[in-house]
Number of protein chains: 2
Amino acid sequence: MATKILIADDHSMFADGIESILNRQDGIEVVGKCYDGISIMPFLKENEVDIILLDVNLPEKNGIEVCKEVIASFPDMNILAISMFNQESYVSEILKFGAKGYILKNTGQEELMQAIQTIEGGKTFFSKDVTQTIMRGLMNDRKSSSKSEGFIPKITRREKEVLKLIVQEFTTQEIGEKLFISLKTVESHRSSLLAKVNARNTAGLVRIALEKKLID
Amino acid sequence: MATKILIADDHSMFADGIESILNRQDGIEVVGKCYDGISIMPFLKENEVDIILLDVNLPEKNGIEVCKEVIASFPDMNILAISMFNQESYVSEILKFGAKGYILKNTGQEELMQAIQTIEGGKTFFSKDVTQTIMRGLMNDRKSSSKSEGFIPKITRREKEVLKLIVQEFTTQEIGEKLFISLKTVESHRSSLLAKVNARNTAGLVRIALEKKLID
DNA sequence: AAGAACATAGGGGAAAACCCTCATTTTTTA
DNA sequence: TAAAAAATGAGGGTTTTCCCCTATGTTCTT
């Protein structure tokens with residue numbers, strides 16, 4: 001029986017291309033395509049799927065959230081993450097939530113086929129580049145655990161509120177007024193934020209907040 | 001005789017996918033694939049090509065430069081720009097250099113086929129979304145208004161350099177040292193940047209820079 | 001060749017951000 | 001329930017950003 005594959009990617013040209021490649025292969029059947037994050041769960045409830053090729057950067061609801069959600073309902077689902085970016089935070093995040101593999105969009109079709117077969121056999125698969133990234137991540141975990149790029153300590157509820165307002169261009173004064181707290185308190189929160197994300201100033205804080213999606 | 005197509009995209013999975021789609025069509029033949037900007041010219045010198053599907057964001061040498069170069073040597077070459085981003089600057093730039101069309105990676109295969117046929121017939125083709133972007137650009141040119149949400153006036157070369165360093169957390173002082181210009185000059189650039197993106201402070205400037213991808 | 005746009009840069013001042021230390025109360029968690 | 005973490009905020013200082021103003025040489029563009 002053919003392996004049933006669901007492709008989830010917002011770039012339909014990409015999704016169609018992959019579909020076209022896969023449909024030429026024996027033993028593989030593309031049973032569906034999703035162009036955003038929110039339509040995946042409904043599809044899975046109606047259709048049988050063996051493997052999901054999941055783009056990490058989806059609109060509406062990103063791949064990491066989708067992965068978490070899918071695994072919660074279908075713990076044995078085989079998810080192969082596909083991404084443009086070989087970024088440690090993405091890789092480790094989605095693997096943590098149960099993805100079985102991670103490949104980059106610049107990997108060739110032979111490797112794609114290999115990944116699918118490996119995943120279906122219950123094993124994990126990573127592009128060579130990705131493997132190196134993961135190794136580097138592990139090294140950093142062991143060594144310094146905080147200096148390593150990309151690690152962000154927990155941001156508290158209040159800090160997040162302040163951060164959100166900073167990104168929206170409000171001044172410390174204005175933030176205090178909005179949250180009914182003193183300017184000095186807001187300054188405290190700003191300080192901890194700078195320290196936690198390891199930024200030198202507001203510019204870095206905002207950049208990191210957006211890069212790491214620290215605010216909803 | 002079949003239309004000869006060259007696909008230029010650094011994501012081989014994408015390029016392979018497109019190839020697979022196109023090869024199923026009658027009258028179309030994919031004669032080559034390039035995974036970076038620098039290998040396109042050599043290929044064109046050795047092979048006959050009717051249409052280039054050119055990714056705007058290529059490594060080594062980006063699509064806009066490639067377009068300029070190709071048109072310089074092959075003025076009648078049909079270039080169809082393909083991009084993830086519906087950004088006015090990209091669109092207008094590459095069209096200025098002789099591309100005959102611009103489509104987004106989220107357009108379906110019917111539209112892709114339509115684009116190819118239109119381009120080959122000597123006409124121009126744009127995705128609907130792109131058309132709107134262009135229109136908006138023209139409107140802005142005419143009215144030169146700035147109130148309209150999301151419109152960002154052109155950032156100059158120097159401003160972009162400064163902006164990049166701001167986002168990297170350097171202070172005005174440090175930026176001056178790096179660029180060998182006075183602190184006051186950097187302040188001037190910061191001022192124009194704030195005015196151009198319509199931000200109140202650095203936080204907003206950085207956010208908009210990242211949102212609108214003002215820096216490469 | 002003229003005008004527009006760009007890059008340069010100064011003075012001076014107000015506002016905002018940043019830094020350090022310290023302390024109190026509230027909330028959470030082990 | 002005691003300890004830890006989070007939220008609050010004050011004093012007092014330095015640095016950086018932001019905002020006026022003006023001005024000059026250079027480099028596109030028309």
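Computed over heavy atoms, backbone and side chain alike; hydrogens, waters and symmetry mates excluded. A, B, ... follow the sequence lines: proteins, then strands. Residue 1 opens every chain.
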Map A:Leu194 and B:Leu179 onto DNA chain C by nearest heavy atom, then report which one ends up closer to the 5' terminus. B:Leu179
Do A:Leu179 and A:Arg158 come within less than 4.5 Å of each other through their side chains, counting heavy atoms only? yes
Tell me, which of residues 182-191 of chain A have any heavy atom that sits under 4.0 Å from an atom in DNA chain D? A:Ser182, A:Lys184, A:Thr185, A:Ser188, A:His189
Is the closest side-chain heavy-atom distance between B:Cys67 and B:Leu54 below 4.5 Å? yes
With rounding to the nearest 0.5 angstrom, report the CD1 to CD distance, B:Ile38 to B:Glu69. 10.5 Å
Contact check, side chains of B:Glu161 and B:Leu165, non-hydrogen atoms, under 4.5 Å: no
Determine the sole option in A:Leu205, A:Val162, A:Thr202, A:Ile215 for which the side-chain contact (heavy atoms from CB on, under 4.5 Å) test with A:Val167 is passed. A:Ile215
So which of residues 157-178 of chain A are in contact with DNA chain D, with a heavy-atom cut-off of under 4.0 Å? A:Arg157, A:Arg158
Does any non-hydrogen side-chain atom of A:His11 lie less than 4.5 Å from one of B:His11? no
Answer whether the closest heavy-atom distance between the side chains of A:Asp36 and A:Asp10 falls below 4.5 Å. no
Given that B:Thr156 and B:Arg200 both sit by DNA chain C, which one's nearest nucleotide is further toward the 5' end? B:Thr156
Ignoring hydrogens and angles, tell me if any N or O in the side chain of A:Lys100 forms a donor-acceptor pair with the backbone of A:Met77 under 3.5 Å. yes
Note: chain B reaches DNA chain D at heavy-atom distances under 4.0 Å over the stretch, first to last nt, 5' to 3', of D:dT17 to D:dC19
Quick check: do B:Phe125 and B:Gln114 have side-chain heavy atoms less than 4.5 Å from each other? yes
Between the main-chain N or O of B:Thr107 and the side-chain N or O of A:Ser12, is there a donor-acceptor pair closer than 3.5 Å? yes
May I have all residue pairs that pass salt bridge (charged side-chain N to carboxylate O under 4.0 Å, His left out) and include part of residues 166-180 of chain B, sequence neighbours excluded? A:Arg200-B:Glu174, A:Arg207-B:Glu169
Do A:Glu187 and A:Arg190 sit within salt-bridge range, that is, some charged N less than 4.0 Å from a carboxylate O? no
Which angle, rounded to 10°, do you find between the first-five-pair axis and the last-five-pair axis of the helix from C:dA1-D:dT30 to C:dA30-D:dT1? 70°
Are B:Lys160 and B:Leu214 side-chain neighbours, meaning at least one heavy-atom pair lies under 4.5 Å? no
Determine whether A:Ile103 and B:Met13 make a side-chain contact, defined as any pair of heavy atoms from C-beta on separated by less than 4.5 Å. yes
Chain A contact limits on DNA chain C, taken 5' to 3' with a cut-off of 4.0 angstrom to heavy atoms: C:dA17 to C:dC19
Backbone of B:Gly204 reached by a side-chain donor or acceptor of B:Asn201 within 3.5 Å: yes
